[in-house]
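Right, one structure below, let's go through it.
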Protein chains: 2
Amino acid sequence: MTDVTSAAAGRDLPHPDREEIRLEAVLHALSDPMRLRIVRELAADGSELSCSHFDLPVTKSTTTHHFRVLRESGVVRQVYRGTAKMNGLRREDLDDLFPGLLDSLLAAAGRQYLRLGDRA
Amino acid sequence: MTDVTSAAAGRDLPHPDREEIRLEAVLHALSDPMRLRIVRELAADGSELSCSHFDLPVTKSTTTHHFRVLRESGVVRQVYRGTAKMNGLRREDLDDLFPGLLDSLLAAAGRQYLRLGDRA
DNA sequence: ATCATAGTACGAGGGTTATCGTACGAGCCG
DNA sequence: CGGCTCGTACGATAACCCTCGTACTATGAT
């Protein structure tokens with residue numbers, strides 16, 4: 001049986017409630033190039049992605065660290081599914097708290113990418 | 001004679017060119033509560049304000065530090081006028097680089113203020 | 001010239017961050 | 001079971017950041 005909602009989905013991780021999300025924390029999370037890149041890919045894809053889907057130029061431990069920062073700041077929602085940990089943007093929560101902000105940020109990041117390319 | 005454009009206006013400070021402004025640096029600058037507060041006041045007022053106009057709960061040296069971060073990230077433009085140092089938001093530059101971002105950011109900050117009040 | 005005001009420079013303290021490496025745990029597959 | 005992959009935990013390191021105090025410069029007013 002492969003019920004996604006069963007306990008087989010794995011232990012769950014601490015997330016801030018919507019009301020606990022702070023703008024400063026979100027901006028800090030997004031001020032790191034690696035994390036901004038993760039969020040951009042997440043937004044481009046639209047669905048949930050595993051941590052290992054991202055091919056980042058850092059080690060596994062560092063990757064874990066960045067995803068934790070994103071989760072604890074309220075930017076992403078993380079769920080275990082089997083051995084994989086799936087990551088999804090908390091679009092609804094963020095749009096509710098800060099209407100238009102996420103889209104502006106993604107647009108700004110996209111523009112800068114077009115302007116400067118990959119060079120960090 | 002009180003010509004504002006004369007050399008009497010004082011030495012000038014290094015600012016990043018518009019094209020050099022990086023989103024990550026802007027987000028980092030705005031992720032500090034003190035600096036976010038400064039930017040909010042600056043936006044609310046609309047005109048240039050001196051450093052000493054702000055009544056921040058930190059020392060003068062720390063205030064100097066925060067304004068430098070804001071200037072070096074391209075968020076504000078600083079100009080000496082007599083003994084005062086005037087600060088203005090770089091609205092045009094930011095709007096050109098990242099259309100809508102500053103307004104979204106300010107709106108988000110305003111919303112959070114209404115929601116949570118002053119308590120940092 | 002004297003003094004007050006606005007801000008700077010420098011150095012230090014204490015905290016946080018990004019990064020790594022190695023060792024470990026938890027699900028899956030043969 | 002045994003091994004593979006995914007991700008975690010922990011410790012270490014080096015860099016960075018916010019804050020302060022003290023000493024200093026520069027401009028304007030008396």
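Throughout, a chain's letter reflects where its sequence line sits, starting with A, and its residues are numbered from 1. Values below: every heavy atom of this structure, side chains too, minus hydrogens, waters and symmetry copies.
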Figure out the CZ/P separation between A:Arg68 and C:dT17, and round it to whole Å. 11 Å

With nearest nucleotide decided by heavy atoms, which residue, A:His65 or B:Asn87, maps closer to the 5′ end of DNA chain C? B:Asn87

Could you state the CG-P distance from A:Leu49 to D:dC6, rounded to the nearest angstrom? 14 Å

State the NE2-CG distance between B:His28 and A:Asp32, to the nearest 0.5 angstrom. 10.5 Å

Evaluate B:His66 against B:Leu56 for side-chain contact (heavy atoms from CB on, under 4.5 Å), listing each step before the verdict. CA-CA 11 Å; B:His66 284 310; B:Leu56 303 173; 5.6 Å; no

Output the rounded distance in Å from CZ (A:Arg81) to P (C:dC28). 12 Å

Which nucleotide, C:dG7, C:dT19, D:dT19, lies nearest any side-chain atom of B:Thr64? C:dG7

Output a table of nitrogen or oxygen pairs between the protein and nucleotides 11-15 of chain D separated by less than 3.5 Å.
none

Minimum-distance nucleotide to B:Ala84 side chain [options: C:dT19, D:dC6, C:dG7]: C:dG7

Phosphate oxygens OP1/OP2 of D:dT5: is one of them under 4.0 Å from a side-chain N or O of A:Thr83? no

If you check the A:Tyr80 side chain, which of C:dA9, C:dT5, D:dG7 turns out closest? D:dG7

Tell me what B:His66 touches on the nucleic acid: a base, only sugar-phosphate, or nothing, going by heavy atoms under 4.0 Å. sugar-phosphate

Would you tell me if any nitrogen or oxygen in the side chain of A:Arg35 comes within less than 4.0 Å of OP1 or OP2 on C:dA18? yes

Categorize B:Ser61 for me: base, sugar-phosphate, or nothing, with a 4.0 angstrom heavy-atom threshold over every strand shown. base

Stepwise salt bridge (Lys or Arg N to Asp or Glu O under 4.0 Å) check, B:Arg91 with B:Asp103: CA-CA 10 Å; B:Arg91 256 205 178 280; B:Asp103 284 330; 3.1 Å; yes

Could you tell me whether a side-chain N or O of A:Asn87 sits under 3.5 Å from a main-chain N or O of A:Gln78, the two making a donor and an acceptor? no

Nearest to the side chain of A:Ser52 - D:dA9, D:dG7, D:dC18? D:dG7

Whole-Å gap separating C1' (C:dG7) and CG (B:Asp12): 16 Å

What nucleotide, of C:dA18, D:dC20, D:dC18, holds the atom closest to the side chain of B:Thr59? D:dC20

Rounded to the nearest angstrom, tell me the gap between atom CG in A:Leu36 and atom C1' in C:dA18. 16 Å

Of all the nucleotides listed (C:dA18, C:dG7, D:dT19), which has the minimum atom distance to the side chain of B:Cys51? C:dG7

Rounded to whole angstroms, how far apart are CG on B:Leu13 and P on C:dG7? 12 Å

A quick test of your reading: do over 12 heavy atoms of other residues, nucleotides or ligands sit less than 6.0 Å from CD of B:Glu92? no

Regarding the side chain of B:Ser50, the nearest nucleotide among C:dA18, C:dG7, D:dC20 is C:dG7

How many whole angstroms separate atom CD1 of A:Ile38 from atom P of C:dA18? 11 Å

A:Glu48 CD - D:dC6 P separation (whole Å): 18 Å

Look at all strands and tell whether A:His53 reaches a base, only sugar-phosphate, or nothing, counting heavy atoms closer than 4.0 Å. nothing

Does some side-chain heavy atom of A:Pro14 sit less than 4.5 Å from a side-chain heavy atom of A:Arg71? yes

Quick check for you: among D:dC18, C:dA6, D:dC6, whose closest atom lies nearest to any side-chain atom of A:Lys60? D:dC6

Output yes when a side-chain donor or acceptor of B:Asp17 lies under 3.5 Å from a complementary backbone atom of B:Glu19, and no otherwise. no

Between B:Glu48 (side chain only) and B:Met86 (backbone N and O only), is there a donor and an acceptor less than 3.5 Å apart? no

